[in-house]
Amino acid sequence: MAKRKPVHALELGGTLFVPASHKNLDAILSGRKYPELRSVVIDFEDGLAGSDQPEALARLGQTLERLQESRLLRFIRPRGPQMLKTVLQQQGIDRLDGFILPKFGLNNADEYLTLIDGHHFMPSIEGGELFDTRKLQQLRDLLLPHQTRIICIRFGAQDMLRQLGLRQAGSIYDMLAPAQIIANLIATFKPAGFEISAPVFPDFSDREGFQKEISYELLNGLISKTIIHPDQIEPLNVLYRVTEQERQEAKALLSQQDGVINLEGKMGETSTQSPWAKQILERDKLFNVD
């Protein structure tokens with residue numbers, strides 16, 4: 001199987017986390033079970049009981065051997081650096097599109113980055129660095145030399161809440177401290193050129209709340225989203241489609257060399273809004289498919 005080209009964060013869409021011991025893992029990874037899903041993670045960490053880990057690792061080689069070409073993007077989240085080292089030695093590991101590095105922090109960044117050399121990955125910040133701007137900046141600077149292989153920055157929203165002694169009810173953006181922490185994460189990493197993935201919405205029975213949260217995340221520049229239930233796949237794909245107005249405004253902005261244009265009564269400034277316009281057209285290409 002040919003090695004895949006680099007992945008843009010927008011291509012991830014909703015990223016479904018599936019325990020490595022899941023009975024339907026092969027069907028999910030093949031794209032047969034959820035054909036509208038865009039990315040999936042074989043989860044050896046939070047989604048897998050410690051007692052199931054040895055058997056799941058033993059099965060991984062067989063799983064990799066059966067993988068065929070697919071538009072579905074497939075990743076592994078190991079339990080930590082030591083498991084990553086073991087997983088990287090598996091035959092057929094290059095059939096996957098990359099890795100999520102859980103609990104990525106200053107205490108293990110060097111070890112992770114040495115091991116992951118040559119592979120695409122997504123560091124997941126889940127520890128005390130989330131609450132310390134200086135430490136976040138240190139992590140950003142450590143990651144900058146590897147930026148071409150980093151699909152996006154992830155963060156552990158539930159880990160954040162645990163450290164704050166909180167439990168999520170509704171949208172995490174309605175909670176004072178978590179919203180400020182996420183804003184700081186965006187301000188630290190986005191100007192340096194990193195994309196940031198949005199966190200899980202844990203109440204998969206609340207479709208309206210899920211849809212509202214996705215709209216808010218797109219407005220604030222968060223791309224892709226962790227999903228935990230297949231019922232979240234379709235509404236996310238729908239909301240990632242762009243409107244005709246967004247498409248026309250993006251095209252108008254990119255048709256100008258510079259200056260200011262009138263966008264239906266709104267100011268359109270090419271020099272400042274062209275990054276937004278480019279992303280809109282990329283979303284249009286990926287998600288506005290009949």
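Here, residue 1 is the first one in the sequence, and each next residue gets the next number. What you are looking at is a predicted structure, and each value in this text was computed from that prediction instead of being measured.
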**Prompt:** Are the side chains of Tyr240 and Pro235 in touch, meaning some heavy atoms are under 4.5 Å apart?
**Reply:** no
**Request:** Give a yes or no answer on whether the side chain of Glu217 reaches the backbone of Leu219 with a donor-acceptor pair at less than 3.5 Å.
**Result:** no
**Message:** Quick check for you: to the nearest 0.5 Å, what is the distance between Phe189 atom CZ and Ile125 atom CD1?
**Reply:** 4.0 Å
**Request:** Flag yes if more than 12 heavy atoms outside Gln89 fall under 6.0 Å of its CD atom; otherwise flag no.
**Result:** yes
**Item:** Min side-chain heavy-atom separation His146-Leu113 under 4.5 Å
**Value:** yes
**Message:** Under a plain distance cut-off of 3.5 Å, with no hydrogens placed, do Arg154 and Thr226 share a side-chain donor-acceptor pair?
**Reply:** yes
**Asked** Are Tyr216 and Ile227 grouped together when hydrophobic residues (ILVMFWY) are joined by side-chain heavy atoms under 4.5 angstrom apart?
**Response** yes
**Nearest atoms (heavy-atom pairs only) where Pro81 meets Leu115** = O-CD1, 3.4 Å
**Message:** If the test is salt bridge (Lys or Arg N to Asp or Glu O under 4.0 Å), which one of Lys251, Lys278, Arg247 qualifies with Asp284?
**Reply:** Arg247
**Request:** Could you tell me the separation between the OG1 atom of Thr63 and the CD1 atom of Ile42, rounded to the nearest 0.5 Å?
**Result:** 6.5 Å
**Asked** Is there a donor-acceptor pair under 3.5 Å between the side chain of Asp132 and the backbone N or O of Lys135?
**Response** yes
**Message:** Could you go through Asp206 and Phe210, starting from their C-alpha distance and side-chain angles, then the distance that decides it, and tell me whether this counts as side-chain contact (heavy atoms from CB on, under 4.5 Å)?
**Reply:** CA-CA 6 Å; Asp206 182 4; Phe210 181 66; 6.0 Å; no
**Message:** Can you give me the closest heavy-atom contact between Ile153 and Pro123, atom names plus distance?
**Reply:** CD1-CG, 3.7 Å
**Request:** Output the distance between atom CZ (Arg167) and atom CE (Met175), rounded to the nearest 0.5 Å.
**Result:** 10.5 Å
**Message:** Quick one: does any side-chain atom of Glu55 pair with a main-chain N or O of Asp52 as donor and acceptor, under 3.5 Å?
**Reply:** no
**Request:** Check for a donor-acceptor pair, side chain of Gln232 on one end and backbone N or O of Ile228 on the other, with a separation under 3.5 Å.
**Result:** yes
**In one Ile/Leu/Val/Met/Phe/Trp/Tyr side-chain cluster, 4.5 Å: Leu88, Leu57** = yes
**Asked** Considering only heavy atoms from C-beta outward, does the side chain of Pro178 approach that of Ile172 to under 4.5 Å?
**Response** yes
**Request:** Spell out, yes or no, whether Leu161 and Phe155 are grouped together once hydrophobic residues are joined by side-chain heavy atoms under 4.5 Å, including indirect joins.
**Result:** yes
**Prompt:** Take atom NZ in Lys266; do more than 12 heavy atoms of anything else shown fall under 6.0 Å from it?
**Reply:** yes
**Asked** How long is the span from the CZ atom in Arg38 to the CG atom in Leu72, to the nearest 0.5 Å?
**Response** 10.5 Å
**Message:** For a side-chain contact (heavy atoms from CB on, under 4.5 Å) check, start with the C-alpha distance between Ser70 and Arg74, then their side-chain angles and the critical distance, and finish with the verdict.
**Reply:** CA-CA 9 Å; Ser70 172; Arg74 299 168 291 200; 3.7 Å; yes
**Message:** Has Glu246 got a side-chain atom pairing as donor or acceptor with Thr243's backbone, closer than 3.5 angstrom?
**Reply:** yes
**Asked** How long is the gap from CE on Met122 to CZ on Arg149, to the nearest 0.5 Å?
**Response** 13.0 Å
**Asked** Do Ile280 and Ile261 sit in the same hydrophobic cluster, where Ile, Leu, Val, Met, Phe, Trp and Tyr count as joined when their side-chain heavy atoms come under 4.5 Å apart?
**Response** yes
**Asked** Checking Asn108 side chain against Gly105 main chain: does a donor-acceptor pair fall under 3.5 Å?
**Response** yes
**Message:** Please check: side-chain N/O of Glu129 versus main-chain N/O of Leu139, any donor-acceptor pairing under 3.5 Å?
**Reply:** no
**Asked** Where do Leu16 and Pro230 come nearest, in terms of heavy atoms and distance?
**Response** CD1-N, 4.4 Å
**Request:** Write down the atom of Arg140, the atom of Ala192, and the distance for their closest heavy-atom approach.
**Result:** CD-CB, 3.9 Å
**Prompt:** Looking only at atom types and distance, does a side-chain atom of Gln158 sit under 3.5 Å from a main-chain N or O of Val200, one as donor and one as acceptor?
**Reply:** no
**Item:** Distance-only donor-acceptor check, side chains Ser124 and Glu126, under 3.5 Å
**Value:** yes
**Prompt:** Can you get from Leu130 to Leu166 by hopping between Ile, Leu, Val, Met, Phe, Trp and Tyr side chains that sit under 4.5 Å apart?
**Reply:** yes
**Message:** Contact between Tyr112 and Phe104 at the side-chain level, heavy atoms closer than 4.5 Å - yes or no?
**Reply:** yes
**Request:** Please name the pair of heavy atoms, one in Tyr173 and one in Pro199, separated by the smallest distance, quoted to 0.1 Å.
**Result:** OH-CD, 3.3 Å
**Message:** Within the 4.5 Å heavy-atom criterion, are Gln137 and Thr188 side-chain neighbours or not?
**Reply:** yes
**Item:** Check: Ser224 side chain, Ala9 main-chain N or O, donor-acceptor pair, under 3.5 Å
**Value:** no
**Message:** Is there a side-chain contact between Leu142 and Asp110 in this structure, where contact means two heavy atoms from C-beta onward sitting under 4.5 Å apart?
**Reply:** yes
**Asked** Would Val18 and Asp43 satisfy side-chain contact (heavy atoms from CB on, under 4.5 Å), going step by step from the backbone distance to the final call?
**Response** CA-CA 6 Å; Val18 180; Asp43 189 12; over 6 Å; no
**Message:** Please evaluate residues Ile223 and Gln279 with respect to the criterion side-chain contact (heavy atoms from CB on, under 4.5 Å), reporting the C-alpha separation (whole Å), side-chain torsions for both, the decisive distance (0.1 Å), and the verdict.
**Reply:** CA-CA 10 Å; Ile223 296 178; Gln279 190 170 104; 3.0 Å; yes
**Message:** With heavy-atom distances below 4.5 Å as the criterion, would you say the side chains of Lys225 and Glu213 are in contact?
**Reply:** yes
**Asked** Salt bridge between Glu111 and Lys85, side-chain N to carboxylate O under 4.0 Å?
**Response** no
**More than 12 heavy atoms of other groups within 6.0 Å of Lys103 NZ** = yes
**Message:** Tell me if the centroids of the rings in Phe99 and Phe121 come within less than 6.0 Å of each other.
**Reply:** no
**Item:** Interatomic distance, Arg71 atom CZ to Leu37 atom CG [nearest 0.5 angstrom]
**Value:** 8.0 Å
**Message:** Does either side chain, that of Arg134 or that of Gln138, offer a donor lying less than 3.5 Å from an acceptor on the other one?
**Reply:** yes
**Asked** Under 4.0 Å between a Lys/Arg side-chain N and an Asp/Glu carboxylate O for Arg95 and Glu65?
**Response** no
**Request:** Identify the two heavy atoms, one from Gln163 and one from Gly128, that lie closest to each other, and give their separation to 0.1 Å.
**Result:** OE1-N, 3.6 Å
**Message:** Does the structure place the NZ or CZ of Arg79 under 6.0 Å from the centre of the six-membered ring of Phe44, at an angle of no more than 45° from the ring's axis?
**Reply:** no
**Item:** N/O donor-acceptor pair under 3.5 Å between Asp159 side chain and Gly127 backbone
**Value:** no
**Request:** Output yes when Glu234 and Arg207 qualify as a salt bridge under the 4.0 Å nitrogen-oxygen rule, no when they do not.
**Result:** yes
**Asked** Do the side chains of Ile93 and Leu64 get nearer than 4.5 Å, heavy atoms only?
**Response** yes
**Glu208, CD atom: more than 12 neighbouring heavy atoms under 6.0 Å** = no
